[in-house]
Amino acid sequence: MELRDYLSVVRARRWTIIQAVLIVTVTALVVSLLQPATYEGEAKVLIAERDASAAFLGSTLTEFSNAERGLQTQVQLMQLRPLAENTIRALGLQTTPDDLLARVSVSAVGQTNIVRIVATDRDPAMAAAIANRLAEEYVAWSQEAKRESIATAVAEVEARLNEAQDQVLELGRRIQQEGRSDELDAELRIVTGLYTTLADRLESLRIQEQLETGSGRLVSPAVEAERPVAPNPLRNGVLGLAVGLVFGLGMAVLYEYLDNTIKSSEEAERVFGAPVLGMIPLEKFDKDEKRRLTIVQHPGSPAAEAYRVLRNSLDFINFEHDIKTLLVTSAAPAEGKSTVAANLAASLAQAGKKVALVSCDFRRPTTEVFFGVQNMIGLSDVLLGSHSLKAALQRPGDESLLVMTSGKMPPNPSELLGSQKMKELITELEDWADWVILDTPPLLAVADPAAVARWADGVLVVTRAGTSTRDAAVKGFEMLEKVGARVVGSVVWGLDAATAASGYYTGYYGDYYYADYYKAPETGRAAGKKQRVHDSGAKAPVKVRAEDTALPPAQVYVPEISPMRRFLTVVGRIMAALLSFLVVLVIAGLVTYFLDQYFGWGILGSLLDLL
């Protein structure tokens, strides 16, 4: 896909993206407004490389051989459970050590020996107290641990000093008894030197014990924060906007991947192997008007101009004049084939062409609605031999246009349309007309179009923008290929003007209600009152046959909607409902918030306490 294709996806699925952005952003804002305020208390502890006693004694060695590892060790020691327990006891907190440590963050500050202790709480004073107390507990624990180590060394040196003292006294008694000698003098000097060294070491340890301050000291106590650190509606809103945008784009790409509708003229050309001859824009009908002959009733509309373009395109591809009989059909119902056929016939007649429009749709005839003619005598009567061709043809007011309605429902429509008599009828119409337009049912609904397609010079396939699927189009094209029909072009009907410029058609296809084509027509009084909805949405009475007339069984291919597509459709509806709910919730929350702030009711404070 090129950049233009991705932009087309974004433009086509813009409402999905907008819904995702709004839902995530509004959710983030609502959660931010409902969250209680949280404050931080920050204390800083300086980790000493050398303690005070080492400095006093003149030691140049650092406390840790690896400064970075030693600093991280102290960071971990500050998060020990005993320190948290002491903090809880000292402050009288009603929590557990694990919960307290979860609210405390300990980290080193850059490339320094400073460690930052950050505690969070709903009370700013308590947040500062927790951070300070935990730092103090660490300092006290570190000092006590080192003093205990020094005390152990003091005890060991005192024991050895006592032994050296005993040895000096013993040598003194021996000299008094035996007299002085070089050997005894030498032993006395050694023992006396050892005693002096141990005495000096003991004094140093005692001084070190008194001066020991531990590995760190509190250099910056925490103070009460004036502003909460959370929630931050602005930050959360921006993050929600970004996350919603990413989520919406992902949903748009996923919808695009799972959407199997024909979205461009190039794709339609690939499916049918023929050029797109026209793109008919979606029309806005007046109240109680769902079907019209646009080329006559609204000659200056964009749709009328599109039908003229279609007429010119047909003339262009028929430069050899080898197409006289044109079959107009579609793969599935409700794709505008009858509307295109009627307006194309009228457009050709306006151009001075002699046109014969024949309705081959016995089950749902619509031609008489467009031209205001009668459907008492039609194609079925001529094919059954009950009436002549001349009796079935009607002029709707133009000398260049003849219209033949479908007539009564025959018992064997497919056989009649594929019969030799149908071929002879078309041949006879071709002797008079420049164009013979055959309006047939959808290809995937019944076998009638495939039966009559063999007598046509070309087939014009109508697809509906955002509705016609690739599966249905391919299946219909295969049916035409099997009977040797020639597809000369296709028409995109019902194109939204907003997306026509990009060549991208949006929308979702619904279930195909093909069952209407196979139901036996009603008779009697109910048939006279029955109104049926046609593929372009108009309501017109349908002529019916006798009750004892049986329809032949028909085979139908109904494209199934994938489970993932159904799931995504449900998800889209849920998102729309959730968006509406969140909008109402936000409005109610804002009104409550401002009223609470103005009148001082304290509603929000009570809710936060409950939470």
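No experiment lies behind these values; they were computed from the predicted model shown.
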Exercise for review: For L100 and L93, run side chain to side chain contact (heavy atoms under 4.5 Å, CB included): C-alpha distance rounded to whole Å, both residues' side-chain angles, the deciding distance at 0.1 Å, then the answer.
Suggested key: CA-CA 9 Å; L100 177 63; L93 302 178; 4.1 Å; yes

**Study point:** side chain to side chain contact (heavy atoms under 4.5 Å, CB included) between L444 and M479, intermediate numbers included
**Key:** CA-CA 9 Å; L444 304 184; M479 294 178 65; 3.6 Å; yes

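- Atom OG1 of residue T87 and atom CG of residue L134 lie 4.5 Å apart, to the nearest 0.5 angstrom.
- Annotation: the span from R69 atom CZ to Q72 atom CD amounts to 11.5 Å, rounded to 0.5 Å.
- Distance check, rounded to the nearest 0.5 Å: CE of M251 to CD of Q19 gives 9.5 Å.
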Practice item. Test side chain to side chain contact (heavy atoms under 4.5 Å, CB included) on N86 and R133 and set out the steps. Key: CA-CA 9 Å; N86 294 339; R133 189 63 190 183; over 6 Å; no

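- A heavy-atom distance below 4.5 Å is not found between the side chains of Q79 and V104.
- Rounded to the nearest 0.5 Å, atoms CD1 (I117) and CG (L218) are 8.0 Å apart.
- There is a side-chain donor-acceptor pair under 3.5 Å between S32 and N236.
- A donor-acceptor distance shorter than 3.5 angstrom exists from the side chain of T25 to the backbone of V21, with no hydrogens or angles considered.
- In the model, S468 has a side-chain atom that pairs as donor or acceptor with a side-chain atom of E335 under 3.5 Å.
- Side chain to side chain, E226 and Y39 fail the donor-acceptor criterion of an N or O pair below 3.5 Å.
- Formation of a donor-acceptor pair under 3.5 Å by the T467 side chain with backbone atoms of R464 is not found in this model.
- Counting only heavy atoms from C-beta outward, the side chains of V115 and I47 approach each other to under 4.5 Å.
- Sorted by first then second residue, the salt bridge (charged side-chain N to carboxylate O under 4.0 Å, His left out) pairs that include residues 76-88, not counting sequence neighbours, are R81-E85, R81-D98.
- Atom CG of residue N260 and atom CG of residue D471 lie 5.0 Å apart, to the nearest 0.5 angstrom.
- With T152 contributing its side chain and E148 its backbone, the two residues share a donor-acceptor pair below 3.5 Å.
- Rounding to the nearest 0.5 angstrom, the gap separating the CD atom in E269 from the OG atom in S265 is 5.5 Å.
- Of all the heavy atoms in R103 and I130, the pair that sits closest is NH2-CD1, 3.5 Å.
- A donor-acceptor contact shorter than 3.5 Å links the side chain of N132 to the backbone of A128.
- At most 12 heavy atoms of other shown residues, nucleotides or ligands fall within 6.0 angstrom of atom CZ in R227.
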